[in-house]
Amino acid sequence: MTDDTLSRPTVHGLLADGTTVCIRPVRRADHDQVQGLYEEMSPENLRLRFFAASRRSAGMAADRACAPAHPGYLALLAETEGRLIGLAEYDTGGTGTEAEISIAVADGLHHRGVGTLLVEHLVSAARADGITSFTADALSENHEVLRLFADLGLRTARTFEGPEVRCTIALDASDTYLTAVEERGRAADVASLRPLLCPGSVAVVGAGRKPGSVGRAVLHQLRAGGYTGRLFAVNPAAHAILGVPSHPSVSALPVTPDLAVLAVPAAAIPQTAEECGKAGVRALLVVTAGLDSGQAQALLAACRTHGMRLVGPNCLGISHTAPGLSLDATFAAAHPRPGTAGVAVQSGGVGIALLDGLSRLGIGVSSFASLGDKYDVSGNDLLQWWESDGRTELALLHLESFGSPRAFSRTARRVTRRLPVLTVDAGRTEAGRRAAASHTAAAATRTMTRAALFTQAGITAAGSIGELLETAALLHSQPLPAGPRVAIVTNAGGAGVLAADACAEAGLQLPVPTPELIDDLLAALPDGAAAGNPVDATAAVTEEQLTDCVDRIMRHGGIDAVLVALVPTAVAVATGDDLVRALTRAGGHRPKPLALIRLEQALPVELLPTEADGTLPSYAEPRAAARALAHAAHRAAWLARPAGTIPDLDGIESERARSVVETYLDAHPDGGWLSPRETAELLDCYGVPQIAWAWADTEDTAVLAAERLRGADGRVVMKGHWPGLLHKSAEHAVHLDLRGDSQVRAAFRDLETRFAGLLEGVTIQPLAGRGTELFAGVVQDQVFGPLVLFGLGGTATEILADHAARLAPLTDHDVHDLITAPRCAPLLFGAGGGGPVDLAGLEQLLLRLSRMASELPQLAEADFNPVLATPGGVTVLDARVRLLPSRPQDPYLRRLR
């Protein structure tokens with residue numbers, strides 16, 4: 001054990017069968033348990049572990065694991081309900097970056113993932129401590145441990161020496177390893193949720209005898225909803241409630257329920273949860289609100305100690321509509337309609353609105369969870385469940401917070417490849433985090449950070465519940481468009497104009513029909529029709545003509561989707577034509593999305609049944625239809641683009657960079673802004689191109705520096721520096737266009753006089769040439785991780801706010817999106833006749849900034865402004881970096897929140 005080992009937090013993780021285990025460092029007081037772990041092993045397992053079956057090995061192993069702290073050694077144990085079930089260690093021998101590891105798992109608990117989970121945690125700790133490889137010796141007949149190493153997802157080499165095998169495991173942070181960890185985590189997560197979402201028995205604790213209690217309402221919903229498992233009430237004052245048998249306590253139940261719904265007062269929650277845990281309950285749903293911090297901690301402790309998954313507290317409940325189950329453990333007014341949408345919300349009110357909307361549309365719900373205060377089960381858990389349940393075709397989320405956004409993002413990127421994931425972007429009007437003084441922190445808002453998360457993960461973000469349902473209706477009923485090109489067909493010119501405006505505002509394209517298409521459409525439409533875009537079919541259009549017109553557009557290769565805007569007319573009434581019927585009686589599924597707009601429609605969106613056993617979305621507002629189509633087009637574009645990769649970069653000196661950071665924080669334990677020298681050295685470690693510069697702390701050294709740095713035109717720039725100075729221009733601490741020694745001396749004396757007592761020195765730079773001034777920066781968000789920003793730079797960067805953002809690490813696609821997203825992007829590609837800037841150099845700058853932010857958790861902020869971009873290159877003219885003490889955290893490590 002090292003001192004650092006003792007400070008490592010206790011965490012909880014899931015085994016392959018969904019069992020919760022505690023993972024923590026070994027303590028000296030664990031000696032007897034560690035020794036007992038080995039003493040209880042069979043002689044065969046002892047031989048495989050120690051290469052001999054001697055019982056003396058148990059005591060020696062316990063002595064080593066529980067010895068006083070020493071460098072390069074870490075021992076982690078896994079325990080469940082206080083019983084030690086596994087131990088894993090690494091030891092560098094005090095030097096080097098290679099460590100030897102060993103693993104022991106209690107007899108009877110093999111093949112449940114104990115050893116694998118422990119090794120994953122060892123890998124994460126070792127990487128943080130600078131260890132680059134593990135070695136392990138095993139008998140060649142020890143197939144279990146050899147398979148464990150082979151299946152980790154890390155590069156493993158084997159060397160055979162007689163009956164022994166030496167395995168060398170490289171601790172590279174590769175995507176292969178993350179994918180393997182992710183898959184193990186998904187399987188364990190799904191297994192842990194089965195008692196919650198597919199319980200064979202349920203007990204409602206706190207169901208009242210009189211109407212009006214939440215517990216009674218949940219019990220009623222379970223009973224009335226047709227739950228097919230065994231159902232109990234727990235109330236010491238009743239023998240039956242609503243016809244359901246009642247018992248005085250959980251421990252008095254005839255069988256242990258898989259799921260317990262707790263609807264007791266907040267003060268009783270900790271004791272009730274503990275009772276459930278001791279009885280063997282596997283999952284809790286806590287609808288009670290108002291827990292104080294002590295009650296909250298006790299509730300979560302009981303769940304972790306006894307391995308119960310928890311939804312809530314302060315929630316509406318859960319439902320699951322799998323065939324033969326019909327679980328409705330909510331206190332919503334109506335039962336959700338069975339269907340194919342998975343729903344997870346934090347707000348009960350939002351949950352009711354979504355359940356009602358999905359039921360009304362006929363989409364229905366596969367499973368629903370109101371997460372409430374979200375102590376345990378999160379949106380990430382539900383995404384993995386929906387990915388695996390074989391029933392969910394659409395995922396809807398309303399999340400006000402994220403426990404682990406980077407893990408959520410990685411899960412969502414995978415899930416969105418298989419099914420649409422939609423969310424309401426809640427909290428968009430938040431004023432933002434308290435802005436630090438740098439451009440980067442001022443520009444980075446929580447809204448921007450969430451948008452980056454959703455964009456990179458392929459999540460469809462709606463601005464309201466209504467927009468979410470409107471988009472869900474289209475994605476549920478229609479194929480995705482191949483692109484953003486929309487054709488509008490209408491029987492009323494005004495409706496067509498409204499639809500055209502809505503499409504343009506949503507970012508959709510309205511291509512002008514080709515002459516061939518115009519002739520084709522006019523042949524199908526009545527006299528007086530106009531075959532533009534919109535296509536005005538006139539009030540005289542018949543069912544057959546409208547159907548023929550839409551089908552001809554569908555066959556045209558230059559159109560990706562069709563919007564039909566209809567209004568009821570006397571002409572249609574007189575002829576007996578039903579234009580809506582013309583669209584719903586299609587003989588088969590259309591190859592492109594079709595949406596209907598009916599301005600007289602009472603409901604915002606409906607799904608109309610078609611004769612082909614499908615549905616057709618119908619909207620009351622053109623903007624609603626256009627927004628839904630735009631979301632569908634964005635999803636199609638995201639799916640069509642291959643997953644991005646993180647490019648390899650040359651010239652990166654990670655160890656040197658860590659040394660720069662550690663040296664600074666040793667001298668400044670509370671962190672702060674690096675000096676120009678320290679900033680330049682750190683940027684040099686990552687190959688960030690900087691303009692030539694020199695430091696001067698006297699008038700004479702300033703003159704000498706200027707002589708050395710003057711370009712062909714002889715001009716230099718002088719910038720004052722003192723700790724905490726961020727906006728040099730705003731403080732008038734910059735002198736431009738200095739010529740000759742006398743101007744340099746005068747500028748230095750000016751700064752020295754005006755900033756007496758502050759000025760530490762100045763930086764001298766050659767006057768940069770002309771180009772586009774850009775801004776690049778990064779801010780380390782405590783929840784979301786590093787956020788990279790890019791946009792227009794210069795002194796007006798905050799006023800113009802022309803910025804885009806993506807979460808690090810950046811892929812090649814992320815960098816492309818960053819460069820093309822700001823409004824200033826056309827300037828970079830040569831708009832205005834200036835020629836394109838060095839786009840490859842710009843990409844490299846952003847990738848190197850991302851790498852720096854990803855490798856250095858102490859990097860609180862980095863601010864490059866301006867960055868000068870020209871056709872010949874990209875150069876940082878001014879840079880500021882702030883460090884704060886921070887331990888590296890592995891966002892992908894398998895652990896419960």
Side-chain angles (χ1 to χ4, degrees), residues 437-439 653 656-657 659-668 671-771 773 793-795 861-868 873-883:
S438 77
H439 295 298
E653 299 181 64
R656 180 183 158 210
S659 177
V660 171
V661 170
E662 290 167 3
T663 299
Y664 178 84
L665 290 175
D666 285 344
H668 306 83
W673 295 92
L674 298 186
S675 70
R677 282 196 184 98
E678 292 161 331
T679 299
E681 184 178 4
L682 186 61
L683 268 57
D684 187 59
C685 293
Y686 289 93
V688 174
Q690 307 167 68
I691 194 169
W693 69 282
W695 173 257
D697 52 11
T698 67
E699 186 179 321
D700 290 338
T701 55
V703 169
L704 291 174
E707 289 177 354
R708 188 170 68 253
L709 293 173
R710 281 192 183 102
D713 58 6
R715 295 179 292 176
V716 295
V717 175
M718 180 183 294
K719 301 176 181 179
H721 173 78
W722 61 85
L725 173 62
L726 299 176
H727 298 282
K728 299 181 179 71
S729 296
E731 295 288 343
H732 303 289
V734 178
H735 283 287
L736 303 172
D737 201 16
L738 299 178
R739 301 171 184 265
D741 295 354
S742 60
Q743 289 189 4
V744 172
R745 291 184 183 275
F748 188 92
R749 289 195 295 268
D750 171 69
L751 294 177
E752 196 173 39
T753 300
R754 287 192 294 116
F755 302 113
L758 290 175
L759 190 73
E760 286 192 347
V762 299
T763 56
I764 307 293
Q765 298 173 347
L767 185 66
R770 300 177 66 85
E773 290 191 350
T795 55
E861 295 177 58
D863 187 79
F864 301 170
N865 186 33
V867 174
L868 188 69
V874 174
T875 308
V876 176
L877 304 186
D878 199 278
R880 292 178 291 276
V881 172
R882 183 166 69 98
L883 301 181

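- One finds the CD atom of Gln690 at 4.5 Å from the CG atom of Leu683 (value rounded to the nearest 0.5 Å).
- When all heavy atoms of Ala694 and Ala705 are compared, the closest pair comes out as CB-CB, 3.7 Å.
- Under a 3.5 Å cut-off, the side chain of Arg677 and the backbone N or O of Trp695 do not form any donor-acceptor pair.
- Minimum heavy-atom separation, Glu731 to Phe755: O-CZ, 3.2 Å.
- Counting only heavy atoms from C-beta outward, the side chains of Ile764 and Thr701 never approach each other to under 4.5 Å.
- Under the 3.5 Å distance criterion, the side-chain polar atoms of Arg880 are left unmatched by any main-chain donor or acceptor of Asn865.
- Looking at every heavy atom in both residues, Glu773 comes nearest to Leu868 through CG-CD1, 4.5 Å.
- Between atom CG of residue Leu725 and atom CG of residue Leu758 there is a gap of 9.0 Å, rounded to the nearest 0.5 Å.
- Gly720 and Leu759 get closest at one heavy-atom pair: CA-CD1, 3.8 Å.
- Taking the charged nitrogens against the carboxylate oxygens, Asp741 and Arg745 have no contact shorter than 4.0 Å, which rules out a salt bridge.
- With Glu760 contributing its side chain and Pro723 its backbone, the two residues share no donor-acceptor pair below 3.5 Å.
- Pro766 approaches Leu709 most closely through the heavy-atom pair CB-O, 3.3 Å.
- Between His735 and Phe748, the closest side-chain pair of non-hydrogen atoms is not below 4.5 Å.
- Side-chain contact between Phe864 and Val688 is present, with heavy atoms from C-beta onward closer than 4.5 Å.
- Among all heavy-atom pairs drawn from Arg710 and Arg739, the shortest one is NH2-C, 4.4 Å.
- For the atom pair NZ (Lys719) and CG (Leu877), the distance works out to 6.0 Å, reported to the nearest 0.5 Å.
- The CH2 atom of Trp693 sits 11.0 Å away from atom CG of Asp878, with the distance rounded to the nearest 0.5 Å.
- In this structure, CG on Leu736 lies 11.5 Å from CE on Met718, to the nearest 0.5 angstrom.
- Of the possible donor and acceptor atoms, one in the side chain of Glu678 sits under 3.5 Å from a partner among the backbone N and O of Ser675.
- We find the NE2-NZ distance between His721 and Lys728 to be 7.5 Å, quoted to the nearest 0.5 Å.
- Val744 has its side chain out of reach of Glu707: every pair of non-hydrogen atoms, C-beta onward, lies at least 4.5 Å apart.
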